[in-house]
Every structure is written in structure tokens, then in C-alpha cells.
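Both backbone and side-chain heavy atoms feed into the values below; hydrogens, waters and symmetry mates do not. In each ligand, atom 1 is the first atom listed, and ligand 1 is the first ligand listed.
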Amino acid sequence: MRGGLVASARLLPRPLVRWFLQRRAQQDINENMSGGKKVKIIFVLGGPGSGKGTQCSNIVEHFGFIHLSAGELLRAEINSGSENGTMIDTIIKEGKIVPSEITIKLLQEAIIKGGNDKYIIDGFPRNEENRVVFESVINISPEFVLFFDCSEEEMERRLLGRNQGRSDDNIETIRKRLKVFVESSLPVIEYYESKGMVKKIDATKPAPEVFEDIIFLLK
Ligand SMILES: Nc1ncnc2c1ncn2[C@@H]1O[C@H](COP(=O)(O)OP(=O)(O)OP(=O)(O)O)[C@@H](O)[C@H]1O
Ligand SMILES: O=c1ccn([C@@H]2O[C@H](COP(=O)(O)O)[C@@H](O)[C@H]2O)c(=O)[nH]1
Ligand SMILES: [Mg+2]
């Protein structure tokens, strides 16, 4: 049924498709919330290697959030052999940003599957288009944004030492990711800053100290 609907949607004008997706996303998320609780989201943003994933694991352990890493969801999509897998793989290797519709659909599905009312979303929104489409389709504003502020030198050093076999942890892609972060992702942080929604963390400190600062901010 859903496949048929998606196929028919290709024949419709884009604003109509977006309206349809928005209605369905809101309905799906609302229907799947236990006790009708409002879903709360915190965005965790920062440059590549700033320590988002490391600290999100700590946050999950201590504060009971579900952690959704947009990058992890995209890598899982590649490994699942989905029809978009090859395209996503190429984009990640180039350090570029995957089209909003793909990432948002994965996030929406994960939120529904999670069945929780508290999510930390790590590494998303990556650009202004991501932010605007997420807000219009999912229609949830973050409670606030946790911004991991870290020097480029330190981020590069961490990524080169990460050793997790990621296809984008090589010096050429790392430099591209850092450039994309400055050009496309920082404006998103600036947008939320202008709304007074950013809590900034000094992410250059050692990991245990960073987490102490996060505890202070989340309590
Ligand atoms: N505060 C820290 N000090 C030193 N090393 C750290 C710190 N936090 C994380 N690391 C290490 O740096 C590397 C990158 O950390 P992590 O994967 O958490 O970053 P990330 O922001 O999620 O990166 P990406 O955006 O590429 O997914 C890992 O090897 C991690 O162990
Ligand atoms: O919203 C997103 C998140 C990630 N990407 C792509 O994935 C890689 C890796 O992301 P990490 O957060 O570092 O795990 C990123 O460089 C992008 O290519 C994306 O397109 N959109
Ligand atoms: Mg990460």
C-alpha cells in the first residue's frame, strides 16, 4: 500500500507531495506516542570529530534519551542494500550532504520505531534546507541545540585516530567535511543562536570533563 502511494506521489506537484508527507508524518508520530506524550528533541551539532557520538552515548546512559545519529542511520541504509545505498555511499565519501527527504524519512521511521518521547538527534540538521524541511515535515522544534565547539586542528587529529574503518575518515574527505561544516552547518547553529536556543559546550576538553559540562546543562 505504502509503495503504491509513494509511486503515485511522484506524479504529483512537489508542494502537494510535501503537504501529504507532512500530514502523514505528524499522524504517524502522534499515533505511535505512548500516552499521547509530546515528543521532545534535542539536536546535537558540532564539527566532524567534535565528540558528538561519544557524549550522546553518555547522555543515553544517564538521562534516558534515545540517541539517533543521522550519519549512523545513513550508514545502516547503505549496509541494508537499499536502492539509495550507492548514492548515499558516494555522497558520504565526498563529505557532502545527503538530500533532506532521505535523511528525514530515516529519522521519522526511527522516531516511530523508538516509541519514546525523548530523542537526541546527532549530526542533523546539516544545512538550512535540512532544518526547514524537518520543521515543515516533522513539525517538531528542538527544545534546544547542544553545540560542540572544537578547533579544526583537534577534530582532524581525533578523526585520523578514530580507527573505526569509516570510508570518510581519510585526510582528503576530512578536509571536505570540515569545509562543508563551516559553509553549510554553522549557519544552522547561527540560526538557532539567533533564537536563543543554543547551549555551547567546550568540546576540546577531555571527554569526562565535557560530560560534566553536559550534565550541568541538562539538569
Ligand atoms: N573529548 C575528547 N577528547 C579526545 N578524544 C575524544 C573526545 N571525544 C571523543 N573523542 C574521540 O574522538 C573520535 C571522534 O569522536 P566521535 O566519534 O564521538 O565524534 P563525532 O562528533 O561523532 O564525529 P562524526 O561527526 O565524524 O561522527 C573518537 O575516536 C573518540 O573516541
Ligand atoms: O544529516 C546528515 C548526517 C550525515 N550526513 C552524511 O554522513 C556523513 C557522516 O555523518 P556523521 O554525523 O559524521 O556520522 C556526513 O559527512 C555526511 O556526508 C548527511 O548527509 N546528512
Ligand atoms: Mg558521530
Side-chain angles (χ1 to χ4, degrees), residues 41 43-61 67-79 84-111 119-135 137-138 142 145-189 201-214:
I41 284 173
F43 286 144
V44 177
L45 300 176
S50 57
K52 303 179 296 295
T54 304
Q55 298 300 339
C56 283
S57 302
N58 291 334
I59 295 172
V60 166
E61 223 175 278
H67 171 210
L68 299 179
S69 155
E72 291 292 343
L73 290 171
L74 291 167
R75 285 186 284 276
E77 188 69 359
I78 297 170
N79 294 332
N84 288 323
T86 311
M87 184 251 287
I88 298 171
D89 191 31
T90 306
I91 293 175
I92 288 182
K93 280 181 183 142
E94 287 173 3
K96 293 183 180 162
I97 297 170
V98 172
S100 298
E101 272 80 5
I102 292 179
T103 315
I104 290 168
K105 181 169 165 283
L106 294 173
L107 285 169
Q108 184 200 337
E109 286 168 356
I111 291 171
Y119 292 86
I120 30 171
I121 299 186
D122 147 15
F124 180 93
R126 218 81 176 187
N127 59 16
E128 277 291 282
E129 202 229 6
N130 276 178
R131 178 185 70 72
V132 170
V133 179
F134 183 88
E135 279 177 8
V137 172
I138 306 289
V145 172
L146 212 48
F147 167 40
F148 282 48
D149 189 22
C150 196
S151 70
E152 286 205 0
E153 198 184 31
E154 175 66 10
M155 292 192 276
E156 191 176 298
R157 194 185 63 73
R158 289 181 191 175
L159 292 176
L160 288 172
R162 180 155 58 182
N163 249 342
Q164 287 176 359
R166 275 178 54 165
S167 65
D168 54 352
D169 278 352
N170 57 79
I171 191 64
E172 198 188 330
T173 313
I174 289 170
R175 296 258 159 94
K176 288 180 183 165
R177 289 159 70 196
L178 288 167
K179 190 165 183 285
V180 167
F181 173 69
V182 171
E183 289 174 357
S184 303
S185 311
L186 269 183
V188 176
I189 295 161
I201 297 280
D202 178 0
T204 47
K205 292 181 186 175
E209 287 179 34
V210 175
F211 189 53
E212 272 176 32
D213 293 349
I214 292 175

Identity and separation of the nearest protein heavy atom to atom 19 (O) of ligand 1: Gly51 N, 3.2 Å

Expected output: side-chain Arg177 to main-chain Asp168 donor-acceptor under 3.5 Å: yes

Side chain, backbone, both or neither: Lys93 near ligand 2, heavy atoms under 4.0 Å: neither

Under-4.0 Å heavy-atom contact with ligand 1, by part of Leu159 that carries it: side chain

Lys176, Lys96, Arg177: member with heavy atom nearest to atom 18 (O) of ligand 2: Lys96

Protein residue, atom and distance nearest to atom 20 (O) of ligand 2, heavy-atom basis: Val98 N, 2.7 Å

Mode of Gln164 contact toward ligand 1 - side chain, backbone, both, neither (heavy atoms, under 4.0 Å): neither

Exceeds 12 heavy-atom contacts within 6.0 angstrom, atom CD of Glu128: yes

Top protein contact for atom 15 (O) of ligand 1, by heavy-atom distance: Thr54 OG1, 3.6 Å

Shortest protein contact, atom 23 (O) of ligand 1 (heavy atom only): Gly49 N, 3.0 Å

Atom 22 (O) of ligand 1 [closest protein heavy-atom partner, distance rounded to 0.1 Å]: Gly53 N, 3.0 Å

Atom 5 (N) of ligand 2 - nearest protein heavy atom and its distance: Leu74 CD1, 3.4 Å

Identity and separation of the nearest protein heavy atom to atom 11 (C) of ligand 1: Arg158 CD, 4.3 Å

Any Glu94 heavy atom less than 4.0 Å to ligand 2: no

Any side-chain heavy-atom pair of Phe134 and Pro125 under 4.5 Å: no

Gln55 and ligand 1 - part of the residue with a heavy-atom distance under 4.0 Å: neither

Protein contact of atom 1 (N) of ligand 1 - nearest heavy atom, named by residue and atom, plus distance: Lys205 O, 2.8 Å

Per atom 12 (O) of ligand 2, closest listed option by heavy atom (Lys52, Arg126, Glu72): Arg126

Per-residue contact class, Pro206 against ligand 1 - non-hydrogen pairs under 4.0 Å: backbone

Closest approach of any protein heavy atom to atom 25 (O) of ligand 1, naming residue and atom: Lys52 NZ, 2.7 Å

Protein heavy atom at shortest distance from atom 13 (O) of ligand 2: Arg166 NH2, 3.0 Å

Shortest heavy-atom approach to atom 2 (C) of ligand 2 - which of Gly123, Gly53, Pro48: Gly123

Asp122 N/O to ligand 2 N/O under 3.5 Å: no

Contact atoms of ligand 1, heavy-atom distance to Ser50 under 4.0 Å: 21 (O)

Nearest protein heavy atom with distance in Å, relative to atom 28 (C) of ligand 1: Arg162 CD, 4.0 Å

For ligand 2, the portion of Thr103 having any non-hydrogen atom under 4.0 Å away: side chain

